[in-house]
Amino acid sequence: MASLCLNLNSFHPPSSSHQPPTLFDSSLPSSSSSSSSLNRSNTLKPIVVTGNPPTFVSAPARRIVAVGDLHGDLKQTRLALEMAGVLGSDTRNLWTGGQTVSLYFLFVLVQLGDILDRGEDEIAILSLLRSLDVQARAQGGAVFQVNGNHETMNVEGDFRYVDSGAFDECLNFLEYMEDYRDHFEEAFLNWIQVSERWKDQRKSQNFWGPMNLVKKQKGVVARSILFRPGGRLARELARQAVVLKVNDWVFCHGGLLPHHVSYGIERMNREVSQWMKGLDESSNSSFPFIATRGYDSVVWNRLYSRDFGDLEDFESEQINSILKDTLEAVGAKAMVVGHTPQMAGVNCKYDCSIWRVDVGMSSGVLHSRPEVLEIRDDKARVIRSKRDRFSRELQVVNYI
C-alpha cells in the first residue's frame with residue numbers, strides 16, 4: 001500500500017502512473033497566522049493518507065464533518081458547508097475550517113457521494129469541493145469525497161436522472177474549456193467562480209423551436225464526453241474512493257458488508273478508479289461489480305439505511321450482527337452512509353454504530369433543511385438549523 005503524508009504548503013494531485021505517492025511534511029506552515037499561538041506541545045500531527053485513491057486516513061486532532069447527498073443543488077450545498085463551519089457565508093468560496101488558533105477547529109470534510117443527478121449545478125459543486133480541498137490542505141485540513149451510485153451510473157452512461165439544466169452545464173463547461181486547452185486543473189478549480197454567469201447566459205437565450213432539441217442533444221453528447229470512462233470528469237471522480245476510513249470511522253455511500261472487506265477495500269477503490277479512468281480494458285481488470293452494481297454492492301446497499309418497519313426482532317439482530325462483523329473486520333468504531341433520504345433527519349441506529357446522513361436536502365429530492373454530522377474525539381453530534389432550511393440559527397443535538 002502507498003502512503004501519503006499531506007503537504008499543507010503545496011498539494012499536487014496524484015499521478016495517473018503507478019508510482020507510489022511521495023512522503024511530505026505536513027506541519028502547519030510557520031507563516032500561518034495561527035502558528036504564533038501554537039506552542040510546541042500543541043504541534044499539529046500530519047494527516048497521513050494510504051491508498052490511491054485515498055482509502056485509509058489518519059487525521060489526529062481534527063474534527064470530521066460528514067455531509068450527505070447533494071444532487072446538484074449548489075445553494076443547499078453552500079448552506080450545509082456553512083453550517084458545518086468549513087465555508088464562509090459570502091460568495092468568495094473560502095475554506096473556514098482552519099481559521100482559528102484552536103487545533104480542535106481544524107476540519108476534515110467527508111462528502112458521502114451522489115453529487116450528480118437531480119440538480120443543475122453538479123460540476124460547480126465538484127469544482128467547489130476541489131477548491132476547498134486545496135485551501136484546506138494549506139491550513140491543516142482536507143476534503144474527501146466518496147463516489148455514490150449516481151456517480152457510477154453516469155460513468156456507465158446512464159443519464160435517466162440527469163436534470164435538463166445539468167446537460168446545459170456540461171455544454172457550458174466544454175465550451176468554457178476551449179479557452180484553457182490543456183490546463184484542465186486551472187479551468188476546473190475556476191469553474192465555481194464563473195458557472196453562474198455561464199448559466200445565466202444560457203438561460204437568457206431563446207431555445208424554443210427545433211433548435212431547443214438540437215441544444216439538448218448537444219448537452220447529452222457533452223455529458224457523454226465528460227463522464228465516459230477516461231473523460232475529464234470521470235477522471236476527476238476517479239480521484240475519489242468508494243470506501244474511506246478516517247481514524248476509527250468508515251464512510252461509504254450505501255453500506256459496507258463483510259464480503260466487501262474480504263475482497264479488499266483498497267482493491268475495490270483501485271478497480272473503480274481504473275475503470276473510471278478508462279484503464280480497465282488495457283489492464284485486463286474486470287468491471288468493479290462488487291462495488292458498483294447489484295443490490296448489495298457498496299454504492300447500492302440499503303441494508304443499514306432503510307428502516308424496515310415489519311422486521312422481526314431476530315431479523316434486526318441479524319442486521320446488527322452483520323454490521324458488527326463488518327466494523328470488526330475493517331477495524332472501525334462506526335460507519336457513516338448516505339444513499340437513502342432520512343425523513344427524520346440525520347440519525348443513528350444499532351447503538352449508533354451506523355449513522356445515516358442523507359436528508360434529501362436537494363430541491364430535486366425532498367428540499368429538506370441541510371444537516372451535517374460532526375465527529376470530535378470519537379463522539380458524534382448532529383448540526384441542523386433550529387427552525388427550517390432558511391434559518392441561520394443552528395441547533396446541536398445527539399452528542400454521543
Side-chain angles (χ1 to χ4, degrees), residues 51 53 55-56 66 68-69 71 110-117 145-158 160-161 237 240-245 249-276 280 285-342 347-358 360 365:
T55 303
F56 304 101
D69 305 31
H71 281 302
V110 181
Q111 197 282 321
L112 271 295
D114 275 12
I115 292 171
L116 301 185
D117 291 341
Q145 300 161 233
V146 296
N147 286 315
N149 59 305
H150 283 269
E151 280 73 48
T152 62
M153 288 167 66
N154 275 270
V155 177
E156 287 187 80
D158 186 344
R160 286 176 294 167
Y161 301 98
L237 296 177
Q240 318 304 335
V242 290
V243 182
L244 179 73
K245 184 171 180 275
W249 295 70
V250 63
F251 300 84
C252 57
H253 182 68
L256 197 64
L257 297 170
H259 72 278
H260 299 145
V261 182
S262 298
Y263 186 83
I265 61 176
E266 192 169 9
R267 177 184 175 187
M268 281 193 299
N269 285 340
R270 183 174 60 252
E271 289 178 355
V272 173
S273 179
Q274 288 177 336
W275 164 62
M276 289 181 166
D280 61 320
S285 61
S286 60
F287 183 87
F289 189 95
I290 191 172
T292 64
R293 282 188 183 174
Y295 71 94
D296 64 345
S297 64
V298 176
V299 301
W300 282 100
N301 180 23
R302 297 187 194 270
L303 183 66
Y304 309 129
S305 59
R306 178 178 289 168
D307 285 323
F308 303 92
D310 56 349
L311 282 183
E312 300 287 345
D313 289 344
F314 79 92
E315 292 174 311
S316 293
E317 290 172 3
Q318 284 181 330
I319 296 175
N320 191 20
S321 178
I322 292 171
L323 177 58
K324 286 182 178 179
D325 289 346
T326 305
L327 292 175
E328 182 177 352
V330 78
K333 171 185 176 179
M335 188 184 306
V336 183
V337 299
H339 193 36
T340 305
Q342 304 295 307
N347 65 84
C348 65
K349 200 170 182 179
Y350 303 116
D351 297 323
C352 285
S353 56
I354 185 76
W355 283 88
R356 294 93 67 92
V357 300
D358 177 14
V365 185

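Nearest heavy-atom pair across Leu256 and Thr326 is O-CG2, 3.4 Å. Of all the heavy atoms in Val242 and Cys252, the pair that sits closest is O-CB, 3.4 Å. In this structure, Leu323 and Ser353 approach most closely via the heavy-atom pair CD2-OG, 3.1 Å. Nearest approach of Val336 to Ala66, heavy atoms of both residues: CG1-CB, 4.1 Å. A pairwise comparison of heavy atoms in Leu112 and His253 identifies O-ND1, 2.9 Å as the closest pair. Among all heavy-atom pairs drawn from Gln145 and Ile115, the shortest one is NE2-CD1, 3.4 Å.
How far CE of Met276 is from OG1 of Thr152: 6.0 Å, rounded to the nearest 0.5 Å. Remark: Asp313 CG to Asn320 CG distance equals 12.0 Å, nearest 0.5 Å. We find the OG1-CG distance between Thr340 and Asp358 to be 7.0 Å, quoted to the nearest 0.5 Å. Note: Asp114 CG to His339 NE2 = 7.5 Å, rounded to the nearest 0.5 Å. In this structure, CG on Asn147 lies 11.0 Å from CG on Leu244, to the nearest 0.5 angstrom. The distance from the CD atom of Gln342 to the OG atom of Ser305 is 6.5 Å, given to the nearest 0.5 Å.
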*Between Leu116 and Leu237, is a side-chain contact (heavy atoms from CB on, under 4.5 Å) present by the stated rule, with each step listed?*
CA-CA 11 Å; Leu116 301 185; Leu237 296 177; 4.2 Å; yes
*Test log, rule side-chain contact (heavy atoms from CB on, under 4.5 Å), inputs Leu257 and Ile322*: CA-CA 7 Å; Leu257 297 170; Ile322 292 171; 3.9 Å; yes
*Which is it for Asp69 and Val365 under the side-chain contact (heavy atoms from CB on, under 4.5 Å) test, yes or no, and what are the steps along the way?*
CA-CA 10 Å; Asp69 305 31; Val365 185; over 6 Å; no
*Glu317 and Tyr350: CA distance, side-chain angles, deciding distance, side-chain hydrogen bond (donor to acceptor under 3.5 Å, both in side chains) verdict*: CA-CA 9 Å; Glu317 290 172 3; Tyr350 303 116; over 6 Å; no
*Tell me, with the steps shown, if Arg270 and Glu266 meet salt bridge (charged side-chain N to carboxylate O under 4.0 Å, His left out).*
CA-CA 6 Å; Arg270 183 174 60 252; Glu266 192 169 9; 5.1 Å; no
*Yes or no on side-chain contact (heavy atoms from CB on, under 4.5 Å) for Val337 and Phe251, after CA distance, side-chain angles and deciding distance?*
CA-CA 6 Å; Val337 299; Phe251 300 84; over 6 Å; no
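A donor-acceptor distance shorter than 3.5 angstrom exists from the side chain of His71 to the backbone of Asp117, with no hydrogens or angles considered. No donor-acceptor pair closer than 3.5 Å links the side chain of Asp158 to the backbone N or O of Asn154. At least one donor-acceptor pair under 3.5 Å links the side chain of Glu315 to the backbone N or O of Glu312. Formation of a donor-acceptor pair under 3.5 Å by the Thr55 side chain with backbone atoms of Gly51 is not found in this model.
Residues Glu328 and Lys324 are not paired through a salt bridge, judged by the lack of any N-O separation under 4.0 Å between the basic side chain and the carboxylate. Remark: Lys349 engages Asp307 in a salt bridge, criterion side-chain N to carboxylate O under 4.0 Å.
Taking the ring centre of Tyr304 as origin, the terminal cationic atom of Arg302 falls outside the region bounded by 6.0 Å and 45° from the ring axis.
The side-chain heavy atoms of Val243 and Asn269, taken from C-beta on, include a pair separated by under 4.5 Å. Contact of the Leu327 side chain with the Lys333 side chain is not registered, since no non-hydrogen atoms from C-beta on lie closer than 4.5 Å. Side-chain contact check for Ile290 versus His259: some heavy-atom pair is nearer than 4.5 Å. Residues Gln240 and Val272 have side chains not in contact (no heavy-atom distance under 4.5 Å, counting atoms from C-beta outward). Within the 4.5 Å cutoff, no side-chain heavy atoms of Asn347 are placed close to those of Trp355.
The number of heavy-atom neighbours closer than 6.0 Å to CD of Gln318, taken from other residues, nucleotides and ligands shown, is above 12.
Counting only residues at least two apart or in different chains, side chain to side chain donor-acceptor pair (under 3.5 Å) contacts with residues 291-301 comprise Glu156-Arg293.
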